[in-house]
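Take a look at the structure below.
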Amino acid sequence: MKYKSQKVAYWFFGLCMLLFALQIIYGFIMGFARIGMDGLHDFIPFNTARAVHTNLLVVWLLTGFMGAAYYIIPEEAQRELVNVKLAYVQLISLAVVGVLAIVGYHFNIWEGRKFLEIPRELDILVVINVLLFLGLILTTLYKAERRTTTALVLTMGLVFAALLYLPGMIWFDSQVTDSFFRWWVVHLWVEGVWELIMGGILSYLLIKLTGVDREVIEKWLYVIVGLTFLSGLLGTGHHYYYIGVNKIWLIVGGIFSALEPLAFLAMALFAVYMYRKGEKSHPNKIALFWTIGASIVSFVGAGLLGFAHTLPQTNLYTHGTLVTAMHGHYAFWGAYAMIVLAIISYALPNLTGRKRYNNTSGHMAFWLSNVGMLGMTVAFGVAGVAQVYLERKMKLDFMDVQNEIAIHFVVLLLCATLFTTGITLFIIEFIKYGKPTDEALVKEE
């Protein structure tokens, strides 16, 4: 690492790994419940497990993004963070809010709005926490010796993510109006501003890992940002028809949802092209695998699978079924989880001075988790197609259909075990790297 304050990122990455592990545990609780093994129901009913699972996903990814920003921004700005102590305060307060939310869910303390379940008091604490984080990042950039496109795109994504959280806090008596603005958070985050964050991190990693000129990579970044805003913003409309808004949104959402794969395709082509063009052979192949893998898997999961079921003619049948879970799991994994694991894999050797990359364990973590997630996606897809046919075409009762497709969740659990083995290896490697040290303050490769 080049700057002492970059060490803050390590502790965000540590919290990120802990929350990721918890998310996987709650995923297994739901998986076993799906096949009738629901012994924890009195303590953790399915709806609680689902709320914890989905909210932990959001929190650990945001924690990873914050860690990435604390690592990348000092280097891009060519100066230390303005206040390291406040960064640690922000980390601790983020962890406290997360713990309070998770514990609260088990006692039915929530708003009951899917993906935005946390109670209003914790919403306010989240806003304060994010404002503190943005204050540190923006002040560091304001005082910077340089402001790169990579840093600005990453920061722009983080700022917009904070702004788009606010509509989800407004209270509406009308459920239609409430759902309309709820999608501003849920969809515009994951298919809008989070893509900017991904683009910023991807740009940074490609500059470091391939050696391609910064100017070339950042020109591609402008194209990706443009495609993201064009497709992601209006593509939100494919949700609106089902909550009672005007039919025009079915057309608008359908057209622009069909364009969304272009942004991810551009990102995938961008990463592969830069890798091939690069003259530098960086020794950290594990970080390179995660980086290139993120761009390719995001195109398949977020782009192709999203396109496959958000077209109006298809979505009339697949909306709200396990086909959505198929798309959601592979999209989040490729677009956001893998890019977080990529920046962690790149940063750890520089933070600790221990170059543990290219070991068998690290490569096994990559392949086992990816093969496991692909298997889970296929299991969700097959179960979802069966559900659509039996429930939407044959008109069978919802619970009867769930019993019929339970066998697919046995396959899902087997694949999830493979995935968990890979992530466990990754976390073990994270622990083995040890804590960051000032002795690692040397010029990076």
Side-chain angles (χ1 to χ4, degrees), residues 8-9 12-13 15-16 19 54-74 76-77 81-83 86-98 100-101 111 113 115-144 147 149-171 178 180-201 204 225 228-229 232-233 236 332 335-336 339-340 343:
V8 174
F12 276 84
F13 293 151
L15 177 61
C16 175
L19 296 175
T54 53
N55 280 264
L56 278 172
L57 170 67
V58 173
V59 177
W60 86 256
L61 287 176
L62 282 175
T63 305
F65 292 157
M66 289 173 176
Y70 280 132
Y71 184 84
I72 293 171
I73 295 300
E76 293 291 293
L81 283 173
V82 289
N83 195 314
L86 280 179
Y88 284 114
V89 169
Q90 190 245 320
L91 169 66
I92 293 167
S93 63
L94 181 66
V96 168
V97 170
L100 289 174
E111 288 194 354
R113 300 158 73 224
F115 302 119
L116 299 176
E117 286 93 347
I118 68 172
R120 188 50 44 91
E121 295 79 10
L122 291 184
D123 269 335
I124 295 168
L125 291 178
V126 168
V127 170
I128 294 170
N129 184 275
V130 173
L131 286 175
L132 176 56
F133 164 71
L134 289 175
L136 292 169
I137 294 298
L138 292 172
T139 307
T140 301
L141 280 175
Y142 177 74
K143 295 183 176 182
R147 297 180 186 92
T149 300
T150 296
L152 292 175
V153 169
L154 173 60
T155 306
M156 184 168 67
L158 292 164
V159 169
F160 284 160
L163 290 175
L164 284 169
Y165 187 76
L166 299 178
M169 293 176 62
I170 304 170
W171 182 264
D178 182 78
F180 185 92
F181 285 103
R182 189 178 69 85
W183 285 114
W184 281 33
V185 185
V186 177
H187 190 275
L188 290 182
W189 262 17
V190 300
E191 294 184 49
V193 296
W194 278 23
E195 287 182 41
L196 303 184
I197 298 170
M198 180 196 180
I201 299 172
Y204 172 84
V225 169
T228 295
F229 274 102
L233 297 181
T236 308
F332 269 103
Y336 305 122
I339 203 67
V340 168
I343 188 64

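Distance CD1/I201 to CD1/I72: 5.5 Å, rounded to 0.5 Å. Between the CG atom of D123 and the CE atom of M169 there is a distance of 4.5 Å, given to the nearest 0.5 Å. Atom OG1 of residue T149 and atom CE of residue M156 lie 10.0 Å apart, to the nearest 0.5 angstrom. The line from CH2 of W171 to CD of E111 is 6.5 Å long, rounded to the nearest 0.5 Å.
The closest donor-acceptor contact from the side chain of R182 to the backbone of P167 lies at 3.5 Å or more, if one exists at all. Although no hydrogens or angles enter the test, the distance criterion places a donor-acceptor pair under 3.5 Å between the side chain of R113 and the main chain of G168. Using modelled atom types, no side-chain atom of Y165 and backbone atom of V130 make a donor-acceptor pair closer than 3.5 Å. Between the side chain of T139 and the backbone N or O of L136 there is no donor-acceptor pair closer than 3.5 Å. In this structure, the side chain of E117 engages the main chain of F115 through a donor-acceptor pair within 3.5 Å.
In this structure, the side chains of V82 and K143 come closer than 4.5 Å at one or more pairs of heavy atoms. Counting heavy atoms from C-beta outward, L91 and V8 have side chains that stay 4.5 Å or more apart. Proximity of L196 to L154: side-chain heavy atoms (C-beta onward) are nowhere separated by under 4.5 Å. Under the 4.5 Å side-chain criterion, counting only non-hydrogen atoms from C-beta, F13 is not in contact with T63. N55 is not listed as a side-chain neighbour of L116, based on a closest heavy-atom distance of 4.5 Å or more. A 4.5 Å side-chain heavy-atom check between Y71 and Y204 finds at least one atom pair inside the cut-off.
Across all their heavy atoms, L81 and P74 have their closest contact at CG-CG, 4.0 Å. Taking both residues in full, the closest heavy atoms of A151 and E76 are given as CB-CB, 3.8 Å, listed atom of the first, atom of the second, then distance. For the residue pair G200 and T150, the shortest heavy atom distance occurs at O-CG2, 3.3 Å. Between C16 and W60 the shortest heavy-atom distance is SG-CE3, 3.2 Å. The shortest heavy-atom contact between A162 and L134 is CB-CD1, 3.6 Å. Nearest heavy atom pair, residue L94 against residue N129, reads N-ND2, 3.2 Å.
Among L19, L15, T54, the one residue that satisfies the side chain to side chain contact (heavy atoms under 4.5 Å, CB included) test with V59 is L19. In summary, of the residues considered (L62, I339, T155, L158), a side chain to side chain contact (heavy atoms under 4.5 Å, CB included) with I197 occurs for L158 alone.
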Exercise. For L125 and L122, what are the C-alpha separation, side-chain angles and deciding distance, and is it a side chain to side chain contact (heavy atoms under 4.5 Å, CB included)?
Worked result: CA-CA 5 Å; L125 291 178; L122 291 184; 3.8 Å; yes
Problem set entry | E195 vs Y336, side chain to side chain contact (heavy atoms under 4.5 Å, CB included): CA-CA, chis, key distance, verdict | CA-CA 8 Å; E195 287 182 41; Y336 305 122; 3.5 Å; yes
For this session: Run the numbers on F65 and W194 for ring-ring contact (aromatic ring centres under 6.0 Å, His included), then give the verdict.
Result: CA-CA 9 Å; F65 292 157; W194 278 23; 5.2 Å; yes
For this session: May I have the step-by-step check of side chain to side chain contact (heavy atoms under 4.5 Å, CB included) for L164 and V185, ending in yes or no?
Result: CA-CA 5 Å; L164 284 169; V185 185; 5.6 Å; no
For this session: Take V193 and L188 through the side chain to side chain contact (heavy atoms under 4.5 Å, CB included) test and state the conclusion after the steps.
Result: CA-CA 6 Å; V193 296; L188 290 182; 6.0 Å; no
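Classification of the W184-F180 ring pair by plane angle, with boundaries at 30° and 60°, yields tilted.
Inspection of the Q90 and Y70 side chains reveals an N or O donor paired with an N or O acceptor under 3.5 Å.
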